[in-house]
Structures are given as C-alpha cells and as structure tokens.
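In this text the structure is predicted, and so the values were computed from the model without any measurement.
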Amino acid sequence: MSDISKNKASNLTREIEIVKITPEESKKIKDRIVCEVPLTIILNGIRLIKLKCSPDSLEYLALGFLLSEGLIKRDTRVKYVRLNRERWEVRIEVENEIKDRLLFFERRIVSGCGGGIAFYREIHPSNYTFLEEKPRYFHKDISCLMEKLQKKSLTFKITGGTHCCGLGSEKGIEVFAEDIGRHNAVDKVFGECFVKKVPTEDKIILTSGRVSSEILIKVAGQKVPVIVSRSAPTDLAVELAEKLGVTLVGFARGNRMNIYTHPSRIV
C-alpha cells in the first residue's frame with residue numbers, strides 16, 4: 001500500500017475506543033470508524049441540497065451530482081468551484097441559467113445508504129439515448145477489474161463502512177472513489193471524469209453496491225454501456241437497463257457473475 005493511499009484512507013476515518021466482545025473475553029481496544037459530513041451544494045447562488053458523504057473529493061461529488069441530475073451537461077462551462085470545509089459547502093457557478101431546469105425537479109430522499117438525496121424526475125426511456133450493442137468485453141477481464149476495485153477499497157478494509165465505484169477499461173481502473181453512500185461514490189467518479197474530460201462511452205462502471213434505478217439512470221445518462229456490481233440489482237433497474245441498452249451485471253464475485261440484460265456485450 002502506498003503512503004498516498006494510506007494517508008487518503010486515514011483522512012476518511014478516525015480512531016475511537018470501543019469495547020470488543022468475543023466468546024473468550026471482553027476488552028477495550030482502539031478501532032477506526034468511517035467519517036461522515038453534511039455537504040451543501042450551492043449552484044448559481046441557489047442552495048440545492050445537503051448530502052451526507054465521506055469528506056474527500058467533494059468538488060467531484062458536487063459536480064457529479066449536478067451532472068447526474070441533468071442540472072449541468074458535459075459541455076457546461078464552469079466559472080468556479082469553491083469548497084468551504086469549515087461550513088461544508090461547495091459553491092458552483094456556471095454560465096448556463098439553471099432556474100428553469102429546477103422547475104422540473106422536486107426534492108426527495110432516494111433509496112440509498114449514506115443519506116443520499118436526489119431530485120425526483122420522471123424516468124422515461126425516451127429521455128435517454130439507447131446504447132448500441134458495442135463494444136464487447138471479455139468476462140475474465142471484468143472479473144479482473146472487480147478484483148482490482150476491491151484491492152483499491154482501502155477505507156472499506158479498515159472500517160467496513162464504505163462503498164466504492166470505479167471507471168474501468170482495458171487500462172485498468174481509470175477513476176476510483178469511495179464514500180459512505182453508493183450514489184455518492186458513482187457521482188464522485190463522474191465528477192472527476194467531467195473535470196478531467198475522461199470519456200465514459202466505451203468504459204465500464206464497477207460498483208460494490210446494489211444497483212437501483214437511480215444508479216442505473218446515472219450510468220445511462222453518461223452513456224456507459226456496462227455496469228457491474230458485486231451486489232444485486234432491483235427489478236426497476238433491470239427493466240430500465242433493458243430499455244436503455246445497458247448491460248447490467250450483478251453478483252460479480254471471483255469468476256462468477258449474473259448478466260441480467262444485453263448479454264451479447266460480454267463474451
């Protein structure tokens with residue numbers, strides 16, 4: 001483990017004293033737990049939302065959330081992104097007028113861990129581009145990428161309290177994020193892709209968490225053709241993946257996986 005990786009994992013955790021009980025004994029020990037902060041996103045002066053999240057890559061999280069919710073686009077010109085860690089706020093100013101877009105959104109809590117919040121909008125396949133059945137991927141390569149994702153999940157190994165997400169390709173894991181919320185981890189990845197102009201159309205999203213309809217929509221919105229999870233999908237996620245042309249893979253563990261939609265992409 002590199003010093004940089006150790007430091008990052010350490011910044012997402014803190015040490016406390018706990019009582020550990022085993023069949024043999026009860027004793028006080030030092031333990032590390034995952035950190036959680038409330039992050040407010042302010043877009044063009046409008047206070048949009050407060051997310052419960054892990055305290056790293058917060059600028060990426062804010063931009064990824066706005067991107068996933070359709071409030072900004074890949075070609076949006078961002079004037080500035082300012083993070084205030086004392087107040088846990090991210091202020092973002094973009095050139096585009098966004099007030100009209102907010103009329104179509106309604107605040108709500110989504111199904112997710114980490115207190116994830118999103119804006120409700122009607123999910124209809126006609127609002128998204130159907131993804132064609134290419135490129136194709138080898139299932140052995142996908143298994144290898146999932147193994148690499150797990151090895152990078154240092155905060156989870158320390159605390160057991162985070163989800164992870166990665167953008168994978170033949171190069172390996174190109175972008176990686178951990179967070180207490182699976183939605184946040186996905187948004188952090190897409191936010192970093194937005195800032196660094198990393199293409200997503202020919203990549204794979206790998207995640208440790210359950211694939212719900214909200215996660216599926218985030219992935220389809222960025223035109224990622226394949227999403228792979230160690231966990232299960234929901235029925236609505238499978239239905240949407242089928243309609244939107246996304247290959248949805250669940251229970252990817254070791255050399256095994258379940259392909260729920262568009263299996264021809266994986267050979």
Side-chain angles (χ1 to χ4, degrees), residues 64 67-68 110-114 116 128-157 162-179 181-193 198-267:
L67 194 66
S68 293
V110 302
S111 64
C113 45
Y128 299 86
T129 302
F130 184 87
L131 303 180
E132 300 300 327
E133 287 286 338
K134 55 184 182 180
R136 286 182 168 82
Y137 306 88
F138 292 102
H139 70 272
K140 291 183 179 179
D141 293 339
I142 292 176
S143 296
C144 183
L145 286 172
M146 286 299 292
E147 183 179 354
K148 290 180 179 179
L149 186 79
Q150 293 176 56
K151 288 181 179 179
K152 292 177 73 68
S153 305
L154 303 180
T155 309
F156 177 81
K157 291 178 182 178
T162 59
H163 283 289
C164 63
C165 180
L167 185 76
S169 71
E170 69 280 356
K171 299 177 183 178
I173 306 295
E174 295 190 30
V175 180
F176 173 81
E178 281 189 284
D179 198 276
R182 56 198 170 90
H183 297 80
N184 295 341
V186 174
D187 284 339
K188 284 180 177 180
V189 167
F190 287 139
E192 185 169 347
C193 291
V198 178
T200 57
E201 290 81 357
D202 58 343
K203 306 293 170 55
I204 300 173
I205 280 290
L206 306 123
T207 177
S208 61
R210 181 180 72 254
V211 180
S212 61
S213 60
E214 294 106 342
I215 298 290
L216 195 284
I217 284 297
K218 289 177 187 290
V219 171
Q222 299 309 305
K223 297 182 170 54
V224 180
V226 179
I227 178 170
V228 181
S229 173
R230 276 182 54 82
S231 189
T234 66
D235 65 336
L236 183 53
V238 172
E239 180 182 333
L240 288 170
E242 184 65 44
K243 292 179 179 178
L244 297 175
V246 177
T247 298
L248 173 54
V249 180
F251 296 103
R253 304 172 183 180
N255 293 320
R256 300 186 179 190
M257 62 187 69
N258 294 343
I259 306 175
Y260 293 88
T261 59
H262 301 279
S264 61
R265 279 202 187 94
I266 298 176
V267 295

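- For R182 (side chain) and T207 (main-chain N/O), no donor-acceptor pair under 3.5 Å exists by modelled atom type.
- When all heavy atoms of C193 and L167 are compared, the pair lying nearest together is SG-CD2, 3.6 Å.
- The heavy-atom pair separating H183 from S212 by the smallest distance is NE2-OG, 3.9 Å.
- For T261 against L248, the heavy-atom pair with the smallest separation is OG1-N, 3.0 Å.
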- Should E192 and V198 be marked as a side chain to side chain contact (heavy atoms under 4.5 Å, CB included) after you check the CA-CA gap, both sets of side-chain angles, and the distance that decides it? CA-CA 8 Å; E192 185 169 347; V198 178; over 6 Å; no
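- Within 6.0 Å of NZ on K151 lie no more than 12 heavy atoms contributed by other residues, nucleotides or ligands.
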- Do I142 and M257 pass the side chain to side chain contact (heavy atoms under 4.5 Å, CB included) test, and can you show the C-alpha distance, the side-chain angles, and the key distance before you say yes or no? CA-CA 9 Å; I142 292 176; M257 62 187 69; 4.0 Å; yes
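- Atom CZ of F251 is surrounded by more than 12 heavy atoms from other residues, nucleotides or ligands within 6.0 Å.
- When all heavy atoms of L149 and S153 are compared, the closest pair comes out as O-OG, 2.8 Å.
- Taken to the nearest 0.5 Å, the OH atom of Y260 stands 14.0 Å off from the CD atom of E242.
- With rounding to the nearest 0.5 Å, the separation of OG in S208 from CZ in F156 is 7.5 Å.
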- Message: salt bridge (charged side-chain N to carboxylate O under 4.0 Å, His left out) for K243 and E239? Distances and angles first, verdict last.
- Response: CA-CA 6 Å; K243 292 179 179 178; E239 180 182 333; 3.1 Å; yes
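- A side-chain donor from one of T155 and E178 sits under 3.5 Å from a side-chain acceptor of the other.
- Summarising the geometry, atom CZ belonging to R136 is positioned 15.0 Å from atom CG belonging to D141; distances are rounded to the nearest 0.5 Å.
- Side chain of R253 to main chain of R230: a donor-acceptor pair is present (N/O by atom type, distance under 3.5 Å, no hydrogens or angles).
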- Please assess C165 against I205 for the test side chain to side chain contact (heavy atoms under 4.5 Å, CB included), listing each intermediate value before the final yes or no. CA-CA 7 Å; C165 180; I205 280 290; 4.0 Å; yes
- Message: Working note: K148 + C144, criterion side chain to side chain contact (heavy atoms under 4.5 Å, CB included); need CA distance, chi angles, decisive distance, verdict.
- Response: CA-CA 6 Å; K148 290 180 179 179; C144 183; 3.8 Å; yes
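- S213 and T234 make their closest contact through N-OG1, 3.8 Å (heavy atoms, listed as atom of the first residue, atom of the second, distance).
- With rounding to the nearest 0.5 Å, the separation of CD in E170 from CG in L145 is 9.5 Å.
- Atom OH of Y137 and atom OG of S169 lie 9.0 Å apart (nearest 0.5 Å).
- Taking CG of N184 as the start and OG1 of T162 as the end, the distance is 11.5 Å to the nearest 0.5 Å.
- In terms of heavy-atom proximity, A220 sits nearest to L244 at CB-CD1, 3.8 Å.
- Looking only at distances, no side-chain donor or acceptor of S229 sits under 3.5 Å from a matching main-chain atom of G250.
- When each of L206, I215, I204, V186 is checked for a side-chain contact (heavy atoms from CB on, under 4.5 Å) with I227, only I215 meets the rule.
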